[in-house]
> 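Please see the structure below; I have some questions.
Any value given below was found using the heavy atoms of this structure, including those in side chains, with hydrogens, waters and symmetry copies removed.
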Amino acid sequence: MKRISRKNWILIWVLGLTGQICWNIENSWFNTFVYDKIAPDPAIVSWMVGASAAVSTICTFSIGTWGDRLGKRKPFICIGYILWGVFTFIFGATERLPKDPLFIAAACVVLADAVMSFFGSVGNDGGFSPWTTDISNEQNRGRLGGVLAVMPVFATIFGAIVSGFLIDQMDFFAFFGLMGAIVAAVGVLTFFTLEDAADLKPKRDKQGFLHQLLSVFNWKTVQENKELFWVFLVLTVYFSAFNVYFPYITIYFVNYLGYDYGMTGLIQGLGLLAASLLTIPAAILIDKGRMVLVVFGALFCNVLGLAAVSVSQAFPVLLLGVFGTGIGYILIVQTLTAWMKNLFPEEQRGQFDGIRHILSVCIPMIIGPAIATQIISRLGAEREINGIIGMVPAPNLFLISAGLTCFTLLPLTAAMRLHKKRTQLTWKKN
């Protein structure tokens, strides 16, 4: 049995948590930054989210394949994290840009976010994610999945509570500089501490990098990995609905409900912290192969949570709503992470992490914000922010997201059938 060493567990926590904090800052505070410092325009947020998703997906897929060919993850993790931190700081500097014409400022913000996302994907998605697969196996991936799932929660708690108070005190520019320095420092640390898995060997396609890169884009690959691709589609549908509301949730709390950054963070942080406690019993069920049960329960809680956020502005109801959506998010990430990693072909882990990124990050981060832009523009609330009139999210955004989340049941049903068939065959062989 391949055990995860104590040092690797520490590195998983340090790299994973640092990376998730940086992603959370991008997903939550970059959008709020745009509304406060550039213009209250949901289209800018949509372009920024979509462009960064496309860039990070291409990067993840390419770097994952490159890592498979070299039999190395460490260089990508180290260099990626260092430059990720540098460009997080540079993004903050865009607030100094002139706002007239607005198009130039908006284009610079989109470009800066895309470059930052590129290096984040080099280090985190293209390097760190397949590294965690390399050093684990089916017997410990439920626990690993739980750890990886709870990290975005802790990151959100930090990003919501700590970041909110820090931004209130420091403003955005100094805050982005501080966080960029921390991420870069973690990258330097990995040069001296991280090691690739001992059994990771170069897997080179003799026909070259491009042939190996594109080798998974054929129907035969899908046929040979049906269950895995249905799991990917579960991610696609779920995160498309997730990205309808998530990039705008802080904007909703601040600009529609009128909470300050600190209170916004407190509501989100407390709800998610409570939800994170469920990862322990979920890990037990996942390691026993009860993935489908956990996902069904998570989706039910997610839909109820979004409905609660949409129907009331009272603090207790909002807290319960965030708790419900947090359960959904945490347990779905935990479960599907373990489910996917168990199905990744050993010789193509980096490449399949790239496919995962296309279907769970790129497509949802383009579709979700595009839908949200139409909802906010047509059904949102008009508000004045820093002297500029714009449209902000209204409660209907969360109700529509709840309805869209229900469509996740369609690919989940197909994945469930294949999972049941595979596990029954395995049981009979044993």
Side-chain angles (χ1 to χ4, degrees), residues 18-39 41-64 76 79-95 97 103-129 152 155-156 159 163 172 175-176 179-180 183-184 235-236 239-240 242-251 353-373 376:
T18 305
Q20 288 301 324
I21 287 173
C22 205
W23 284 133
N24 176 265
I25 289 169
E26 179 193 12
N27 293 333
S28 296
W29 294 109
F30 278 23
N31 304 330
T32 309
F33 167 85
V34 167
Y35 258 69
D36 284 2
K37 302 295 184 180
I38 307 300
D41 186 346
I44 299 176
V45 173
S46 179
W47 275 101
M48 190 170 71
V49 172
S52 65
V55 168
S56 63
T57 297
I58 294 169
C59 174
T60 300
F61 193 66
S62 302
I63 295 300
F76 304 108
I79 296 170
Y81 269 73
I82 291 170
L83 293 177
W84 194 7
V86 170
F87 281 93
T88 299
F89 167 75
I90 290 174
F91 178 86
T94 59
E95 74 170 72
L97 293 169
F103 171 79
I104 300 298
C108 289
V109 167
V110 172
L111 178 62
D113 184 40
V115 174
M116 193 220 72
S117 296
F118 174 85
F119 289 112
S121 295
V122 170
N124 190 261
D125 298 309
F128 173 72
S129 182
T156 301
S163 296
F172 283 103
F175 172 72
F176 290 150
M179 298 313 303
V183 174
L235 284 167
T236 302
F239 278 106
S240 292
F242 175 82
N243 279 288
V244 170
Y245 77 89
F246 184 73
Y248 304 93
I249 189 168
T250 301
I251 296 170
D353 248 319
I355 294 292
R356 172 195 63 80
H357 206 277
I358 292 172
L359 295 173
S360 69
V361 177
C362 181
I363 293 175
M365 289 180 73
I366 292 172
I367 293 175
I371 294 172
T373 297
I376 296 169

> Please find the pair of heavy atoms, one from Asn243 and one from Pro364, that lie closest to each other, and give the distance.
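Where Asn243 meets Pro364 most closely, the heavy atoms are CB-O, 3.6 Å.
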
> Anything under 30° is parallel, anything over 60° is perpendicular, the rest tilted; go ahead and classify Phe91 against Phe176.
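Judged by the thresholds at 30° and 60°, the geometry between Phe91 and Phe176 is perpendicular.
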
> Any side-chain heavy atom of Asp113 within less than 4.5 Å of one from Trp47?
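When only atoms from C-beta onward are counted, Trp47 and Asp113 do not touch, as no gap falls below 4.5 Å.
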
> Could you walk me through whether Ile90 and Met116 pass side chain to side chain contact (heavy atoms under 4.5 Å, CB included), step by step?
CA-CA 9 Å; Ile90 290 174; Met116 193 220 72; over 6 Å; no

> Within the 4.5 Å heavy-atom criterion, are Ile79 and Phe119 side-chain neighbours or not?
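Side-chain contact under 4.5 Å: no.
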
> Do you know which two heavy atoms are closest between Phe118 and Cys59, and how far apart they sit?
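Phe118 and Cys59 have their closest heavy atoms at O-SG, 3.3 Å.
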
> Is there a side-chain contact between Ser121 and Phe76 (heavy atoms, below 4.5 Å)?
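In short, these two side chains do not touch, never coming nearer than 4.5 Å.
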
> Can you tell me how far apart OH (Tyr248) and CD1 (Ile376) are? Round to the nearest 0.5 Å.
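Interatomic distance, Tyr248 OH to Ile376 CD1, rounded to 0.5 Å: 5.0 Å.
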
> Are side-chain heavy atoms of Ile21 and Met179 found at a separation under 4.5 Å?
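Yes, close enough: below the 4.5 Å cut-off.
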
> For residues Ile63 and Gly127, report the shortest heavy-atom separation together with the two atoms involved.
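Heavy atoms only, the tightest pair is CG2-N, 4.5 Å.
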
> Could you measure the distance from the OH atom of Tyr81 to the CZ atom of Phe128? Nearest 0.5 Å is fine.
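Tyr81 OH to Phe128 CZ: 5.5 Å, rounded to 0.5 Å.
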
> Would you mind reporting whether Val244 and Ile371 have side-chain heavy atoms less than 4.5 Å apart?
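Ile371 reaches Val244 side chain to side chain.
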
> Provide the closest heavy-atom pair for Ser117 versus Ser52 in the form atom of the first, atom of the second, distance.
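Residues Ser117 and Ser52, closest heavy atoms: OG-CB, 3.1 Å.
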
> Among Phe87, Trp84, Phe89, exactly one meets side chain to side chain contact (heavy atoms under 4.5 Å, CB included) together with Val183. Which residue is that?
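That would be Trp84; it is the only one of Phe87, Trp84, Phe89 passing the side chain to side chain contact (heavy atoms under 4.5 Å, CB included) with Val183.
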
> Roughly how far, to the nearest 0.5 Å, is the CD1 atom of Ile363 from the OG1 atom of Thr236?
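Reported to 0.5 Å precision, the distance equals 5.5 Å.
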
> Under 6.0 Å between the ring centres of Phe242 and Tyr245?
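Distance test on ring centres: under 6.0 Å, yes.
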
> Please report the closest heavy-atom contact between Thr88 and Cys22, naming both atoms and the distance.
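Distance-wise, the nearest heavy atoms are OG1-SG, 3.5 Å.
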
> Heavy atoms only: give me the nearest Pro247-Ile251 pair and the separation to one decimal.
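Here Pro247 and Ile251 meet closest at O-CD1, 4.2 Å.
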
